[in-house]
Protein chains: 2
Amino acid sequence: MTSETLVPVFAALGDETRWSILAALGEGDASASALAGRLPVTRQAIAKHLAVLQEVGLVEPVRVGREVRFRVIGAQLTETARGLETVGAQWDRRLAAIREIAEGL
Amino acid sequence: MTSETLVPVFAALGDETRWSILAALGEGDASASALAGRLPVTRQAIAKHLAVLQEVGLVEPVRVGREVRFRVIGAQLTETARGLETVGAQWDRRLAAIREIAEGL
DNA sequence: GATCAGTGCAACCCCAGAGTTGCATGTTGT
DNA sequence: ACAACATGCAACTCTGGGGTTGCACTGATC
């Protein structure tokens, strides 16, 4: 997972409301209307957030009769974590090398 | 690292300019003015971003004479990755349990 | 001590996006 | 067919934040 793919995911994860939506979905799949009953925001606001989350692959729509339930894709979270860890490790190595050179001066 | 601590870090990481700043700092510590020479934004804009990054512990100021160089804290990245992975794993387990029950119906 | 580079602060512009209301469009059940 | 519920779409408000310009301040350097 490249760094460009990562940024929108972080942008999506950088919102409290979306975290509460993800947390609510963590208790089981739910529709936008169902979530609107539990959270202090409108159904339409939730629908927008779900669209954002779906866009970055953190959530997946599942049609159940006339309603659209959403399901958390946990794998995307762990994959994002892997990508972040990789970037961090690279920077750590590079910076360690730089400082080693700097000490040698 | 709790989920509330995590959200501001993601918000900080959810901006392209901040990533380019972090990438530039990955080549070695630098001041806001120095970064302004490499990036297509003003020094003041960079200063704001550095303040945000410092706020969430991704970067650390180091006074060198009359200038203030900033240094990437790679550990914060890996720690954030750990936290994210933990949350993902918890959701995976919980959702797996829920679906197991659902299949039993 | 005069100059110059680096930083800090404040006011301002502008737009993305979080949230709302309102209405139209399905889709299910009776 | 009709009522009820769920979703989708559009327009609107408004705040936050990314970016800018301008100026004041501080610390080196000659």
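Letters go in sequence order (proteins before strands), and every chain restarts at 1.
Separating the CZ atom of A/Arg66 from the P atom of D/dA4 is a distance of 12 Å, rounded to the nearest angstrom. Put simply, CZ on A/Arg63 is 13 Å from P on D/dA6, counting in whole angstrom units. In this structure, the CG atom of B/Leu39 is 11 Å from the P atom of D/dT20, given to the nearest Å. To the nearest angstrom, C1' of D/dG16 lies 15 Å from CD of A/Glu16. Residue B/Glu55 contributes atom CD, which lies 17 Å from atom C1' of D/dG18 at whole-angstrom precision. One can place CZ of A/Phe70 at 8 Å from P of D/dT7, the figure rounded to the nearest angstrom. Rounded to whole angstrom, the span from the CG atom of B/Leu13 across to the C1' atom of D/dG18 amounts to 17 Å.
Counting distance only, with no hydrogens placed and no angle test, the side-chain atoms of B/Glu67 and the base atoms of D/dG27 include no donor-acceptor pair under 3.5 Å. Between the side chain of A/Arg43 and the base of D/dG8, at least one donor-acceptor pair of N or O atoms lies under 3.5 Å.
Positionally, the nearest nucleotide of DNA chain D for A/Ala47 lies more toward the 5' end than for the other of A/Ala47 and B/Gly65.
In terms of the side chain to side chain donor-acceptor pair (under 3.5 Å) criterion, residue partners of A/Arg71 (sequence neighbours excluded) are, by chain and number, A/Asp29.
Checking D/dT20, D/dT7, D/dA11 against every side-chain atom of A/Lys48, the shortest atom distance belongs to D/dA11.
Nearest heavy-atom pair, B/Gly28 versus A/Leu95, reported as atom, atom and distance to 0.1 Å: N-CD2, 4.3 Å. A pairwise comparison of heavy atoms in B/Asp15 and B/Thr17 identifies OD1-N, 2.9 Å as the closest pair. Minimum heavy-atom separation, A/Gly26 to B/Arg94: O-CD, 3.0 Å. Of all the heavy atoms in B/Gly83 and B/Leu6, the pair that sits closest is C-CD2, 4.0 Å.
Counting 5' to 3', DNA chain C first comes under 4.0 angstrom of a heavy atom of chain A and last does so at the ends given by C/dA18 to C/dT28.
Overall, the helix from C/dG1-D/dC30 to C/dT30-D/dA1 carries an axis bend of 30° between its ends, with five pairs at each end and the value rounded to 10°.
At a threshold of 4.0 angstrom between heavy atoms, the contacts of A/Arg18 are confined to the sugar-phosphate backbone, with no base atom among them. Residue contacts shown for B/Arg69 are absent, as no nucleic acid heavy atom lies under 4.0 Å away.
Side-chain N or O atoms of B/Thr42 include none that pairs as donor or acceptor with a backbone N or O of B/Ala45 at under 3.5 Å. Under the 3.5 Å distance criterion, the side-chain polar atoms of A/Gln76 are matched with a main-chain donor or acceptor of A/Val56.
No more than 12 heavy atoms of other residues, nucleotides or ligands lie within 6.0 Å of CD in B/Glu55, so this atom counts as exposed by the packing criterion.
Going from atom CG of B/Leu50 over to atom CG of B/Leu25 covers 6.5 Å, rounded to the nearest 0.5 Å. From B/Asp92, atom CG reaches atom CD of B/Glu85 across 10.5 Å, with rounding to the nearest 0.5 Å.
B/Thr17 has a side-chain polar atom (N or O) that falls below the 4.0 Å cut-off from OP1 or OP2 of D/dG19. OP1 or OP2 of D/dT20 sits under 4.0 Å from a side-chain N or O of B/Thr42.
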